[in-house]
Amino acid sequence: MVINFMQEKYNPKKIELYAQRYWDKTAAFKAAEIPGKQKYYCLSMFPYPSGKLHMGHVRNYTIGDLLSRYHRMLGFNVLQPMGWDAFGLPAENAAIQNKVPPAQWTYDNIAYMRKQLQSLGLAIDWNRELATCKPNYYRWNQWLFLRMLEKGIAYKKTQVVNWDPVDQTVLANEQVVDRRGWRTGALIEKREIPGYYLRITEYAEELLSDLDKLPGWPERVKTMQANWIGKSFGVEITFPADATSNTPQALKVFTTRADTLLGVTYMAVAAEHPIALHAAKYNRDLATFIVKCKHNAAKEAEFAAQEKEGMATGLFVVHPLTGSKLPIWVSNYVLMGYGEGAVMAVPAHDERDFEFAKKYNLPIKQVISEPIGSPLNPYFEFSMKQWKNWYSSKDGVCTNSGKYDGLKFQVTVDAIASDLSALGLGNKRTQFRLRDWGISRQRYWGCPIPLVHCDTCGVVSVPDEQLPIVLPEDLVPDGSGNPLASTPSFYVCDCPQCGKLARRETDTMDTFVDSSWYYIRYACSDQDKAATDARTNYWLPVDQYIGGIEHAILHLLYSRFWSKVMHNLKLVKFDEPFANLLTQGMVLNEIYFRKTETGRITYFNPVDVDIQTDDQGKRSGGILRADDQPVEFGGVGTMSKSKNNGIDPQKLVDKYGADTARLFIMFASPPEQTLEWADTGVDGAFRFLNRLWKQVYNHLQQTIDPRINNNLSTELKSLRFKLHHTIAKVGDDLGRRHTFNTAIASVMELMNTLTKVHDSDATSHSLIQEALENIVLLLSPIVPHICHALWRELKPGTELLDQPWPKVDNAALVQDEIEMVVQVNGRLRGQIRVAKNAECATIERIALDNNQVQKYVAGYEVKKVVVVPGRLVNIVI
RNA sequence: GCCCCGAUAGCCCAAUGGCAGAGGCGCAUGGUUUAGAACCAUGUCAGUGUAGGUUCGAAUCCUACUCGGGGUACCA
């Protein structure tokens, strides 16, 4: 039965449903391994099933779908899968609030969001769908973890966590606001507990150098990763204990500025440093200070921004070169977890040391003079009062440094390192900022760590054949700790080694583990005998990965690490998982909230708030319509569940259809750019689709006269020029530039031209047919439903999905004459028309002869003429 | 604090070192309409966040700053 859709009015609801049914019925997007056919694995980052889609998802998945469909038209064997990053904290928070098990909440959300995704008409192979909270997925997390344990990649040590003393539970960084628990308002303590780590630092060098193997990644992402890994070259220096004070041990530090060694005036150690703890035994004030430091911010952002504080220990070390006595201070700006937990302080050349020294009246000694090559300038005078940026420059020479005076940075470092080495007090060393990856979480809704604690045997791995350790799905956390730890049916077990009663590990894995290899599992999601199989080597690596820029460091670095580990375990052939990466900018929206006296924060969705502005027209706050009371404005930020500022695309899809939603979000801005949400313009996108529909409808109403005139009128010639120019432009925008907004704009432009063409005879009619067919093809990756319907009308008996990407007819692009711009001293002064392939000398002469130009040039000497072929002439006088 | 990114018309954005305007929104006027909506047509507005520099030529490259966003290792 053929349903006639070609009604005068565009009816998105009907055609979208019909197109989706057709794709479904024909299994159009089922991907099969076809040896010899070039594959294109296009992957959008899988969503966390937070409840509803938001515009950020629509943006992400439309980009992926567009690229998938475009590559299918180019002839690739395309795989576009989808799944769910289904473990995580929000499910537990929802459980606490609604008293519903996280599993149920998660599965409900998945069901709803899957429906939403399907309504967007994405070309996804749903057969490969996976959810990380299902045992058939996380079983292989467990299996891989055990392999890493065997190889020594996974190991146990202590970790620092946020402890909420009221709820008696560990909090995530996000749940700590201004150093207080977000539910209880209690002051959070840092606590040390045991946990499991993965030795990502072993791979630091490889993760850094292999960035060069990724030309398809944005530079900004590679820069961020390189900075995060943070390879630095420096010197490890030992400061011997001072014999005249009761200092128990020498202090070891690492510094990248050994050239400033003669400027050291004190030493600073972390509150947890053994020497600090030793000193505190004899000093009550110091002990109090160290306890206070337990409440220091655990987050780096807050830690680094906090007011610097410290206290002298009364202990001393001696300078390795001069032998002078240096006091040891405990300070809150040194991290125990980084380097040696101690630093040599050079207040004259380090801004943090400078600030600290000034606060506590510690000496400041200048040992670097002004940058080389700088003019003698009072600006470069060293000031004890105010920090200047050149103090930390490596471009100066040593001063006040005895035999090193006058030497440059690298020469000094080399000399000092070798002098220290001779004394046995120092060596050159390479250091990474990157730390090992702690994967233990004291939480319920995550992948169980497959270990058993036995009084006799210690920590025992669960044998492979007993995997998976299944997470019970019926528990409801109440905010007071991990319910697994109080569920005997989970934790009581037999020791796999000796058979005695033992206790199962109740910590679960970081959800970044789940997302570190899901892209591999898509290739073989139905494989229940192994983590991977031969199919992974057909599809992997991912040809195009698309996701938010917020994942630039952690998720992408962990995934790279994980795939390198799997490569070394001989499970996969590739060692970089994502060949090309497109990082989409965040979709932002306003944030509104209220804070209670205890510090608890509630967020309100912007759609429920009336915005207020201040005198300068800036957003300052709002009124919640529900209760007419004010709410605070928290700036604009990423759409997210936790900030309650997501915009559900459903209303948009219901009112205008998925094609309009897709078109609008792609048209709004280039994908890599941050986008502040505003729905003005949706009407414009809808209007355009209506115009397209009407154009095709009107065209098809015309009866066709079979006689065709081969001599095209100027109007038709320029239409064909425009058409093929647009085909070239859209291909370039979609495939190379990834600027989908300009691709759409150029098709709109073509449409505007087309509307004005008179459909007066067979020639114009057939040209309009050619244009319309191509417009439908060019738009089809972006708005596939309307194009599916229109194609059937334009070319009855054929299907859009079988069509290749249109080819540019170069003959249509031939132009005899082109227009060029003439500048005089860089300012636009005239226009000239020249033959397409005119010589530079000819162009120059025509330009100089031009009347407009002569007005400016006459009477002056022409010093130089710059001719840019095809563009402009610049006459310099 | 540190690392990364951004700023162009009332708004979203284009200009791939070479004419600041392609496209869209909004607004205005006209047409159409009993009226409105819708639709069609025409028109409308900036010298590119600020201050310097490189260049024949800078929105684009460089430096500093301001504001905004992302990340900052347990949000995902």
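So that the names make sense, note that chain A is the first sequence line, chain B the second, and so on, each numbered from 1.
- Inter-residue side-chain proximity for A:W562 and A:V513 is flagged as met; some heavy-atom pair is nearer than 4.5 Å.
- Here, B:rA20 and B:rA14 have their C1' atoms 10 Å apart, quoted to the whole Å.
- The phosphate of B:rC39 (OP1 or OP2) has a side-chain N or O of A:R687 nearer than 4.0 angstrom.
- OP1 or OP2 of B:rC19 has not a single side-chain nitrogen or oxygen of A:Q831 nearer than 4.0 Å.
- Considering only side-chain N and O atoms, A:T680 lies nowhere under 4.0 angstrom from the phosphate OP1 or OP2 of B:rC12.
- The partner of B:rC27, taking Watson-Crick or G-U wobble pairs whose two distances both stay under 3.5 Å, is B:rG43.
- Of the two residues contacting RNA chain B, namely A:Y558 and A:S746, the nearest-nucleotide position lying further toward the 5' end is that of A:S746.
- OP1 and OP2 of B:rU16 both lie 4.0 Å or more from every side-chain N or O belonging to A:R871.
- Taking side-chain N and O atoms only, A:N741 has a distance below 4.0 Å to OP1 or OP2 of B:rA14.
- Counting distance only, with no hydrogens placed and no angle test, the side-chain atoms of A:E676 and the base atoms of B:rG68 include no donor-acceptor pair under 3.5 Å.
- Between A:P12 and A:Y10, the shortest heavy-atom distance links the atoms CD-O, 3.4 Å.
- When the C1' atom is compared between B:rG31 and B:rG69, the two are found 45 Å apart, to the nearest whole Å.
- No hydrogens or angles considered: a donor-acceptor pair under 3.5 Å links the side chains of A:T742 and A:D733.
- Checking the phosphate oxygens (OP1, OP2) of B:rC19, no side-chain nitrogen or oxygen of A:N874 falls inside 4.0 Å.
- In terms of phosphate contacts, A:T638 brings a side-chain nitrogen or oxygen within less than 4.0 Å of OP1 or OP2 of B:rG70.
- The pairing partner recorded for B:rA38 is none, the criterion being a Watson-Crick or G-U wobble arrangement whose two distances lie under 3.5 angstrom.
- Within the shown strands, nothing qualifies as a pairing partner of B:rU55 under the Watson-Crick or G-U definition with both distances less than 3.5 Å.
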